[in-house]
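Chain naming here is simple, since letters A, B, ... match the order of the sequence lines and numbering starts at 1 in each. Just so it is clear, the structure is predicted and the values come from calculations on it, not from any experiment.
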2 protein chains.
Amino acid sequence: MPSKAAEDYLKHIFLLHQRAQEDLVPMGDLAESMGVVPGTATSMVKKLNAARLVNYEAYSGVKLTAKGRRIALQVLRRHRIIETLLVKTFGLDWSEVHDEAEQLEHTISDRLLERIDVFLGHPTTDPHGDPIPSAQGQLPKSSPRRLSDCSQGEKVTICRIVDQDQDFLRFIEQHGLKPGSQVQIDVIDEAGDSIRILPERKKPLIMGSHAARKLLVESSG
Amino acid sequence: MPSKAAEDYLKHIFLLHQRAQEDLVPMGDLAESMGVVPGTATSMVKKLNAARLVNYEAYSGVKLTAKGRRIALQVLRRHRIIETLLVKTFGLDWSEVHDEAEQLEHTISDRLLERIDVFLGHPTTDPHGDPIPSAQGQLPKSSPRRLSDCSQGEKVTICRIVDQDQDFLRFIEQHGLKPGSQVQIDVIDEAGDSIRILPERKKPLIMGSHAARKLLVESSG
DNA sequence: GAAAATATTTTGACTCGTCAAAATATAGAG
DNA sequence: CTCTATATTTTGACGAGTCAAAATATTTTC
Ligand SMILES: [Mn+2]
Ligand SMILES: [Mn+2]
Ligand SMILES: [Mn+2]
Ligand SMILES: [Mn+2]
């Protein structure tokens, strides 16, 4: 029943809520994330509130109701399954599937989605390592560390890249840092705000800690 | 650049033009085909006219310009390739893919479409036997006969069903009359306005000539 | 060839999602 | 505590796509 726009708002509220520890998502953050002017976010959120999909407190922020959360997770599931299909089956580059999925997530029927899920063999993570919610809306939770928090000499496996920016993803790919790749932490330069890492097959590289914070890892072995 | 609605109008104008020998498509027909009120069709057609996608003559009708035709064929290509994907790859029933494709045809990028085309091995007809326009907008033309025009005793192969109605398609399927199936004309009952046919593996059936007109065939062998 | 029937266009209104800019509330600095 | 900076909401407007119903044009009928 919710419109495409409404689905996107719910999804963005969910994601912003996840990444900030705050209970309420501020309207400014939501507007920025949605790429709209703040007043637009306010008016949409009021509609979502009237539809009992969010709880909205003026001047404080917004959070999802159980119903809103359910829809947000469904949209996320669609998005990530579609991305997986585009990369695995049709060979699109992982850096270019996000925008396509952003549209398709609102267009594909439940029936088709489940067929695709079966076709892909029920994948649990998308090409960026993002977990795929189950059809029942369960999000397999794990708490991987950030690459930026690892200690010198450690060997870790990249498991997730939390940034959809095309240029960043291409950068990551060029240095062989896709989910599943192993790297060793070579040097941590606190003063220089950077980290030097040794990918398995590619050349060593130095990346700023801001970028390193966007790579999630788990211990190898 | 054209909106989803505009794409659909162009497609419908193209299809109506094909099926009627008239040069101009009347606004009433277009409105009915689009499922909108006549005034709505008029206002959209005026916009398409302003965008040089159609030539519109008040109180007479509308026809596509070269540019409009190009877009219509692209949309048709998308639609039919998507239907093929849904049936062949994801196993959806051919009677239920039309509505889904009606949406997806406006959502999928050119890049993805070409990947899907490659994945499917460049199909030339969709699950209903409708020809798929080439990427350059060439529509392989053939002029198959109608089942209703066949003569008694003839053996023919069904090659196309020109009706997207779910119930009709399910009826066709139940009697083993999908594109590719062979049938023999058993009895032609002019007075009763019906035709009796013998499918290969299924039971004989009698269908009205209105329905028989929607099945296109070619001579077997 | 006039009257009636039918088709088309026009007008005015509505919803949705959006922006610009004004009004207002809240948070922060001193 | 008061003033200023920042965040949020309100207001008024817009384009897209649509409908209902009135106005008008065209076609058919007699
Ligand atoms: Mn989206
Ligand atoms: Mn992703
Ligand atoms: Mn469509
Ligand atoms: Mn078809």
Side-chain angles (χ1 to χ4, degrees), chain A residues 1-13 16-17 19-64 68 71-72 75 99 102-103 105-107, chain B residues 1-13 16-17 20 22-64 68 71-72 75 99 102-103 105-107:
Chain A
M1 204 73 34
S3 66
K4 303 182 179 199
E7 288 186 347
D8 276 334
Y9 278 93
L10 294 173
K11 188 180 70 172
H12 278 84
I13 294 168
L16 288 169
H17 176 75
R19 312 237 175 292
Q21 64 282 59
E22 298 300 323
D23 185 42
L24 291 174
V25 174
M27 300 311 274
D29 293 8
L30 177 56
E32 163 156 29
S33 172
M34 285 293 300
V36 298
V37 111
T40 302
T42 299
S43 78
M44 184 71 228
V45 163
K46 281 178 158 185
K47 286 183 210 164
L48 297 175
N49 189 67
R52 304 283 175 216
L53 297 171
V54 305
N55 285 126
Y56 164 59
E57 291 188 46
Y59 295 105
S60 306
V62 65
K63 65 175 166 184
L64 297 174
I71 294 173
V75 177
D99 294 344
E102 199 55 56
Q103 295 304 125
E105 67 189 354
H106 313 292
T107 307
Chain B
M1 207 72 34
S3 67
K4 302 182 178 198
E7 288 186 347
D8 276 332
Y9 277 94
L10 294 172
K11 188 180 69 173
H12 279 84
I13 294 168
L16 288 169
H17 176 74
E22 300 298 325
D23 185 41
L24 291 174
V25 174
M27 300 310 274
D29 293 8
L30 178 56
E32 163 157 28
S33 172
M34 283 294 298
V36 299
V37 111
T40 303
T42 299
S43 77
M44 183 72 226
V45 163
K46 282 177 159 184
K47 285 182 211 163
L48 296 175
N49 188 67
R52 304 282 176 219
L53 297 172
V54 304
N55 285 126
Y56 165 59
E57 291 188 46
Y59 295 104
S60 307
V62 65
K63 66 175 166 182
L64 296 175
I71 294 173
V75 177
D99 294 344
E102 199 55 56
Q103 295 304 124
E105 68 190 354
H106 313 292
T107 306

A:Asp8: what forms a side-chain hydrogen bond (donor to acceptor under 3.5 Å, both in side chains) with it, not counting sequence neighbours? A:His106
Run the side-chain donor-acceptor check on residues 41-51 of chain A: report pairs under 3.5 Å with partners two or more places apart or on a different chain.
{"residue": "A:Thr42", "atom": "OG1", "partner": "A:Pro38", "partner atom": "O", "Å": "3.3"}
{"residue": "A:Ser43", "atom": "OG", "partner": "A:Thr40", "partner atom": "O", "Å": "3.2"}
{"residue": "A:Asn49", "atom": "OD1", "partner": "A:Tyr56", "partner atom": "N", "Å": "3.1"}

Rounded to whole Å, the CD-P distance (A:Glu32 to C:dT18) equals 16 Å
With sugar-phosphate taken as primed atoms, P, OP1 and OP2 and all else as base, the protein-contact string of nucleotides 8-28 of chain D at under 4.0 Å (heavy atoms; B, S, -) is SBB------SBB-----SS--
Sequence neighbours excluded, which residues qualify as side-chain hydrogen bond (donor to acceptor under 3.5 Å, both in side chains) partners of B:Gln103? none
With salt bridge (Lys or Arg N to Asp or Glu O under 4.0 Å) as the rule and sequence neighbours excluded, what pairs involving residues 23-34 of chain A come up? A:Asp23-A:Lys63
side-chain contact (heavy atoms from CB on, under 4.5 Å) filter on B:Arg52, not counting sequence neighbours, yields none
